[in-house]
Amino acid sequence: MFEDFRKFETTLAGRPFVVETGKMAQLASGAVLVRYGETEVLCTVTMSDKPREGVDFFPMSIDFEEKLYSVGKIPGSFQRREGRASEKAILSARVIDRPIRPLFPKDMRNDVGIVCTIMSVDPDCLPEITAMIGVSIALSISNIPWAGPISGVSVGLVDGQFIINPSAEERDKSEMAVTVASTDELIAMIEAGANEIDNDTMFDAIMFAHKENQRMVEFIKGIQKEIGREKIEFVSNDPAPEMYEAVKEFAIDAVKVALDTDDKRIRDERLNPVFAAVHEKFDEVYPDDTAKLDDCLYKLQKYVVRRWLLDEGKRVDGRGLDDMRPLNAEVDLLSRVHGSGMFTRGQTQVLTITTLGTIGDAQELDGIDEQTEKRYIHHYNFPSYSVGETKPSRGPGRREIGHGALAERALLPVIPSVEEFPYTIRLVSEVLSSNGSTSQASICGSTLSLMAAGVPIKAPVAGISCGLVTEGDRFITMVDIQGLEDFFGDMDFKVGGTKKGITAIQMDTKVHGLTPEIVKEAFEKTYKARCKILDEVMLPVIPEPRKELSKYTPKMLTTRIDPDKIGDVIGKQGKVIQKICAECDVKIDIDDDGSVFIASTDLDACNKALSIVETIANGPEEGAIYKGVVTRLMSFGAFVEIVPGKEGMVHISHLDVKRTERVEDVVNVGDEIIVQVLPTDEQGRLNLSRRNALIAVEGATPENELNDAPRKPGRSQGPRHGNGGNNRR
């Protein structure tokens with residue numbers, strides 16, 4: 001039935017890697033089912049027959065479809081089906097997009113759709129790595145024009161040793177999580193998170209991964225040679241060479257004048273009349289291609305910027321290649337928030353706000369990996385006004401999610417553990433103005449905000465980007481690229497880290513890849529730049545995290561109880577814990593290991609709730625005095641709840657300092673009375689004394705010492721109450 005079915009096998013990091021073609025999705029331009037260990041991903045690629053009209057970019061989309069059946073889960077949504085892509089899925093799609101996009105023809109405008117369907121997940125074999133290689137194979141064997149293949153692997157560092165595609169257990173121990181994609185010669189993409197790893201170790205890890213990628217590229221080339229289809233022709237969107245040369249001759253001097261400024265607004269104002277003049281002159285000359293006149297002007301700007309850099313070492317704003325734009329840092333810009341910090345680099349400005357919440361505020365995750373919640377969250381917003389444009393906000397797009405994740409990854413290694421700092425931490429980076437490197441500005445602003453909020457981070461983190469312009473074997477790198485250098489350059493190499501080492505990397509290229517020499521130079525330049533940012537700009541403003549939290553921050557107390565007592569603290573149907581929260585005006589979270597987190601804006605309320613929880617879990621101390629509520633009356637005494645869910649009995653002989661004939665003569669149900677804890681009896685029941693409490697607190701004098709007589713043996717005290725339920729959080 002499947003005459004075209006083929007199977008190709010190799011090993012990757014000691015695990016079987018199997019590629020099947022010709023059985024599934026046979027109508028796609030290219031389709032493969034990749035089996036890596038027990039991770040199985042169907043990768044399909046298709047291309048439209050005709051170019052999309054009216055676009056000036058290559059319209060490619062990648063969907064990374066996480067199917068919860070792949071991990072044996074039923075979706076938790078109301079409809080019990082997968083909904084919009086998770087942030088993890090979006091980030092995985094971006095990681096695949098970045099190394100493959102530069103290998104498509106830059107003048108192609110046909111839509112290309114790539115779908116990675118995650119069908120089975122083995123925790124030891126990452127689906128995003130499996131999908132990246134699968135997409136490369138599908139494109140290589142398809143008829144879609146593409147200059148691949150590429151391969152991608154992850155590399156970890158465990159006990160000083162590099163490990164390709166570490167297992168789940170090894171990832172937990174690893175000091176880095178680095179994804180590297182490569183062609184047969186060049187490094188095409190780097191995505192990394194690390195625990196302050198030095199430049200040399202990071203470089204060695206990248207080259208270690210690059211070598212394994214080169215082996216996998218040869219494997220893919222073998223598949224392509226056997227079953228690859230001939231690439232189809234496409235309609236180029238490039239303007240005709242004679243049109244470009246005519247526009248260049250007419251406008252190059254005006255474009256040079258327009259670009260020669262450090263102010264984006266002035267540059268845009270100068271370019272507007274240039275565009276108008278070009279259209280006025282050439283619209284009648286090229287009536288069917290007026291839209292391509294703008295493409296000519298874009299290419300002309302790119303030509304000017306690149307020639308300045310390559311021939312004169314000149315940047316559009318007059319800086320040297322290793323110079324940064326003017327820098328500024330501030331904290332405490334907003335009154336009621338828990339922490340705020342603003343970082344400005346030239347015309348790029350980001351304000352980050354820190355909010356501290358309870359452990360229960362952690363984000364719950366419902367995905368295909370083993371992470372179920374996030375205690376540290378970073379969000380990044382990029383409104384249209386930040387680039388002087390007008391468009392409605394429709395929520396975060398893929399770019400915003402990616403930049404937020406990069407900043408989150410850069411700061412994660414310095415975030416204190418929950419034991420050190422029992423809060424959920426949310427950062428929101430608001431981009432106020434953008435002229436390049438907003439993601440790196442958000443790293444700097446976040447460090448300022450965290451320290452202003454009093455979060456005891458382990459070390460301050462800064463971020464900086466490095467750009468690149470290449471021509472043949474020549475290359476020039478420059479630090480702190482602004483928007484124009486990003487648009488017209490060949491690389492955006494972002495590095496976040498402390499003085500000690502790297503915590504995050506995100507490297508994008510517009511060329512086929514980087515040589516090891518370029519990677520090494522980028523590491524050296526970004527290290528010097530981020531140390532300068534820390535020493536000269538950020539630390540003079542706030543040298544270390546504040547010792548005190550904001551008065552608006554919830555106060556947090558923690559304790560640990562016997563896990564077997566969690567049910568007592570929660571109570572049946574949660575009634576005990578709800579009563580504690582209502583009485584004390586606090587929020588309480590309890591983990592399965594017995595960790596208890598109590599939060600309120602009032603420290604006294606926290607202490608009161610803490611005392612109640614410890615009393616329930618550990619039992620009241622003998623001799624301690626409580627104010628309790630009378631819950632029941634019996635002929636021999638009164639039952640009193642001293643804390644929610646913890647009830648004891650006051651024998652009639654201990655109700656008052658004088659002799660008591662009837663319980664009702666002294667107390668009624670609902671009365672608040674003070675009581676002292678007596679030694680437990682032989683059956684372990686909680687006994688209380690109002691008499692002793694009155695003597696201790698009010699100095700009352702006993703009227704009749706006969707009240708001290710012991711109880712008659714065998715007299716019933718009624719059942720012990722207040723054990724609560726066994727419902728757990």
Side-chain angles (χ1 to χ4, degrees), residues 12 17 19 25 28-36 39-47 57-67 70 85-104 111-119 121 125-142 144-155 165 177-183 186-193 209-210 212-213 216-217 219-220 367-369 397-399 401-403 405-406 409 492 505-513:
L12 180 56
F17 191 94
V19 179
S29 302
V32 295
L33 178 69
V34 181
R35 304 181 190 271
Y36 183 31
T39 291
E40 290 149 356
V41 182
L42 177 64
C43 300
T44 63
V45 297
T46 52
M47 187 179 80
F57 60 91
F58 168 49
M60 181 182 72
S61 64
I62 298 182
D63 291 314
F64 188 89
E65 296 189 342
E66 296 178 321
K67 302 298 184 179
S70 66
S86 69
E87 289 195 2
K88 178 70 183 296
I90 290 171
L91 297 174
S92 297
R94 283 171 57 86
V95 165
I96 297 169
D97 181 299
R98 291 184 359 238
I100 68 171
R101 185 178 289 271
L103 300 176
F104 285 95
D111 282 272
V112 171
I114 298 173
V115 180
C116 307
T117 307
I118 314 304
M119 295 183 159
V121 175
C125 301
L126 293 173
E128 55 266 38
I129 295 297
T130 310
M132 183 187 295
I133 301 175
V135 167
S136 176
I137 298 170
L139 284 169
S140 296
I141 66 175
S142 75
I144 301 173
W146 189 61
I150 60 105
S151 174
V153 297
S154 64
V155 60
N165 291 355
V178 183
T179 300
V180 180
S182 310
T183 66
L186 302 172
I187 299 161
M189 190 276 301
I190 304 169
E191 182 89 10
H210 180 53
E212 183 66 14
N213 278 331
M216 288 298 295
V217 166
F219 168 69
I220 299 170
I368 62 174
D369 58 13
R398 294 193 170 206
R399 180 179 180 276
I401 290 171
H403 281 6
L406 175 60
R409 189 182 305 116
D492 186 3
I505 302 173
Q506 188 177 93
M507 186 273 283
D508 306 316
T509 69
K510 297 184 180 72
V511 292
H512 288 191

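Predicted, not measured: the structure shown is a model, and the values here were computed from it. For the single chain, residues carry numbers from 1 onward in sequence order.
With contacts defined as side-chain heavy-atom distances shorter than 4.5 Å, the pair D111/M47 does not qualify. When side chains are defined from C-beta on, T509 counts as touching M507, because their heavy atoms get closer than 4.5 Å. The closest side-chain heavy-atom distance from T179 to E128 is not below 4.5 Å. Counting only heavy atoms from C-beta outward, the side chains of C125 and N165 never approach each other to under 4.5 Å. The closest side-chain heavy-atom distance from F219 to S151 is not below 4.5 Å. Considering only heavy atoms from C-beta on, N213 comes within 4.5 Å of V180 through its side chain. Side-chain contact check for D369 versus K88: some heavy-atom pair is nearer than 4.5 Å. At least one side-chain heavy atom of M60 sits less than 4.5 Å from a side-chain heavy atom of D97.
Taking CD1 of I144 as the start and OG of S29 as the end, the distance is 4.5 Å to the nearest 0.5 Å. With rounding to the nearest 0.5 Å, the separation of CZ in R35 from CG in L42 is 10.5 Å. How far CG of L12 is from CD of E212: 5.5 Å, rounded to the nearest 0.5 Å. For the atom pair S86 OG and E66 CD, the distance stands at 3.5 Å (nearest 0.5 Å).
In this model, no donor atom of one side chain and acceptor atom of the other lie less than 3.5 Å apart for T183 and H512.
Considering L139, V45, V112 in turn, L139 is the only one that fulfils the side chain to side chain contact (heavy atoms under 4.5 Å, CB included) rule with W146. Under the side chain to side chain contact (heavy atoms under 4.5 Å, CB included) rule, I133 has a single partner from I137, T130, V135, which is I137.
Under the salt bridge (charged side-chain N to carboxylate O under 4.0 Å, His left out) criterion, E87 pairs with no residue at all, not counting sequence neighbours. R94 pairs by the salt bridge (charged side-chain N to carboxylate O under 4.0 Å, His left out) definition with nothing, not counting sequence neighbours. Residues passing the ring-ring contact (aromatic ring centres under 6.0 Å, His included) test with Y36 are F17, sequence neighbours excluded.
Proximity of a side-chain donor or acceptor of R101 to a complementary backbone N or O of F58 within less than 3.5 Å is detected. In this structure, S136 contributes its side chain and I150 its backbone to a donor-acceptor pair below 3.5 Å. For the pair D492 (side chain) and D508 (backbone), a donor-acceptor distance under 3.5 Å is absent.
Taking every heavy atom of both residues into account, C43 and A131 meet most closely at SG-O, 3.7 Å. Closest of all the heavy-atom pairs between I118 and P127 is CG2-CB, 3.9 Å. What you find for P99 and A181 is that their closest heavy atoms are CB-CB, 3.6 Å. For R409 against I505, the heavy-atom pair with the smallest separation is NH1-O, 4.4 Å. Residue L91 comes nearest to G402 through the heavy atom pair CD2-CA, 3.6 Å, listed as atom of the first residue, atom of the second, then distance.
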Checklist entry - Would V34 and T39 satisfy side chain to side chain contact (heavy atoms under 4.5 Å, CB included), going step by step from the backbone distance to the final call? => result CA-CA 8 Å; V34 181; T39 291; over 6 Å; no
Item to check | Verdict with supporting geometry, S70 and M119, side chain to side chain contact (heavy atoms under 4.5 Å, CB included) | outcome: CA-CA 5 Å; S70 66; M119 295 183 159; 5.6 Å; no
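For D63 and R398, the salt-bridge test passes: some basic side-chain N is under 4.0 Å from an acidic carboxylate O.
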